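To start, the structure itself, in C-alpha cells.
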Amino acid sequence: MPSKKSKNAQDSIAARLQLTVKSGKYTLGYRSTLKTLRSGKAKLVMIADNCPPLRKSEVEYYAMLAKTIVHHYTGTNNDLGTACGKFFRCSVMAVTDQGDSDLITSLQA
C-alpha cells in the first residue's frame, strides 16, 4: 500500500496534469513525443511505470539530448491515459506548453 505522502503527491501531479491538458499543449504517444523532442519543443516528458525498458531508455536519451525534464509517472499506462482524460492507454507523453498549470515548475523543485 502506498504511503499517504506519495499518494498526495501523485494526486497533485494528476490534478496539475488535468489542468495542463485543459489549458496547455501536449502530445500523447511514443512517436509524437520523439518528434517533439527532436524538434526541441518539449518541455517535459512523462513516462509511465510499465513502459517497456528499451522504449523508456530511448525516450530518456532523446530527452537528455534536448535538455528536457523527464518525470517517471507512478502509475501504469492506463493511469496516465486516465489522468489525461482519455479513454485509452498512454505510456509516454510530452508537454510543450503547460498553460495555466504549474506542472513543470513543481516537478523542477
Side-chain angles (χ1 to χ4, degrees):
M1 182 156 170
S3 67
K4 187 139 179 112
K5 186 176 180 183
S6 69
K7 185 77 171 160
N8 287 342
Q10 185 177 356
D11 289 342
S12 172
I13 290 172
R16 288 182 173 124
L17 187 58
Q18 286 175 344
L19 188 57
T20 301
V21 169
K22 277 188 175 181
S23 64
K25 292 185 180 179
Y26 64 99
T27 57
L28 296 175
Y30 170 70
R31 292 177 65 197
S32 60
T33 298
L34 288 185
K35 286 178 186 174
T36 56
L37 281 170
R38 272 189 246 119
S39 65
K41 294 178 184 173
K43 294 187 175 88
L44 169 71
V45 174
M46 296 189 94
I47 305 173
D49 267 350
N50 62 345
C51 183
L54 183 65
R55 183 172 288 193
K56 186 184 291 190
S57 65
E58 187 176 1
V59 170
E60 287 171 344
Y61 178 70
Y62 273 98
M64 183 261 312
L65 290 176
K67 297 183 177 87
T68 304
I69 304 165
V70 177
H71 177 71
H72 296 282
Y73 188 76
T74 53
T76 62
N77 53 2
N78 256 336
D79 298 335
L80 184 58
T82 305
C84 294
K86 305 298 179 191
F87 293 113
F88 48 83
R89 298 181 295 265
C90 172
S91 61
V92 180
M93 74 170 291
V95 176
T96 54
D97 178 32
Q98 65 180 347
D100 297 333
S101 175
D102 61 340
L103 180 67
I104 297 172
T105 54
S106 69
L107 290 176
Q108 282 178 339

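Bear in mind that the values here come from a model prediction, so they are computed numbers and not experimental data.
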With clusters defined by side-chain heavy atoms of hydrophobic residues (ILVMFWY) lying less than 4.5 Å apart, directly or transitively, does [Y] cluster with [X]?
X     : Y     : value
Val70 : Tyr30 : yes
Tyr73 : Ile69 : yes
Leu80 : Val21 : yes
Val92 : Leu28 : no

For residues 79-93, the salt bridge (Lys or Arg N to Asp or Glu O under 4.0 Å) pairs (sequence neighbours left out) are none
Not counting sequence neighbours, list each pair that qualifies as a salt bridge (Lys or Arg N to Asp or Glu O under 4.0 Å) and has a residue in residues 32-42. none
Taking Ser23 for the side chain and Asp100 for the main chain, is one N or O donor matched with an acceptor at less than 3.5 Å? yes
Of all residues at least two apart in sequence or in a different chain, which pass the salt bridge (Lys or Arg N to Asp or Glu O under 4.0 Å) check with Asp97? none
If you draw a 6.0 Å radius around NZ in Lys56, do more than 12 non-hydrogen atoms from other residues or ligands fall strictly inside? yes
Could you list the donor-acceptor pairs under 3.5 angstrom formed between side-chain atoms of residues 42-50 and any protein atom two or more places apart in sequence or on another chain?
residue: Lys43; atom: NZ; partner: Thr96; partner atom: O; Å: 2.8
residue: Asn50; atom: OD1; partner: Asn77; partner atom: N; Å: 2.9
residue: Asn50; atom: ND2; partner: Asn77; partner atom: OD1; Å: 3.3

To the nearest 0.5 Å, what is the distance between [atom1] on [X] and [atom2] on [Y]?
X     : Y     : atom1 : atom2 : result
Thr33 : Glu58 : OG1   : CD    : 11.5 Å
Asn78 : Phe88 : CG    : CZ    : 11.5 Å
Leu17 : Tyr26 : CG    : OH    : 9.0 Å

Just distance, no hydrogens or angles: give the donor-acceptor pairs under 3.5 Å from side chains in residues 101-109, sequence neighbours left out.
residue: Ser101; atom: OG; partner: Arg16; partner atom: O; Å: 3.1
residue: Ser101; atom: OG; partner: Thr20; partner atom: OG1; Å: 3.3
residue: Ser101; atom: OG; partner: Leu103; partner atom: N; Å: 3.1
residue: Asp102; atom: OD1; partner: Arg16; partner atom: NE; Å: 2.9
residue: Thr105; atom: OG1; partner: Asp102; partner atom: O; Å: 3.0
residue: Ser106; atom: OG; partner: Asp102; partner atom: O; Å: 3.2
residue: Ser106; atom: OG; partner: Leu103; partner atom: O; Å: 2.8

Linking Ile, Leu, Val, Met, Phe, Trp and Tyr through side-chain heavy atoms less than 4.5 Å apart, which residues share a cluster with Leu54? none
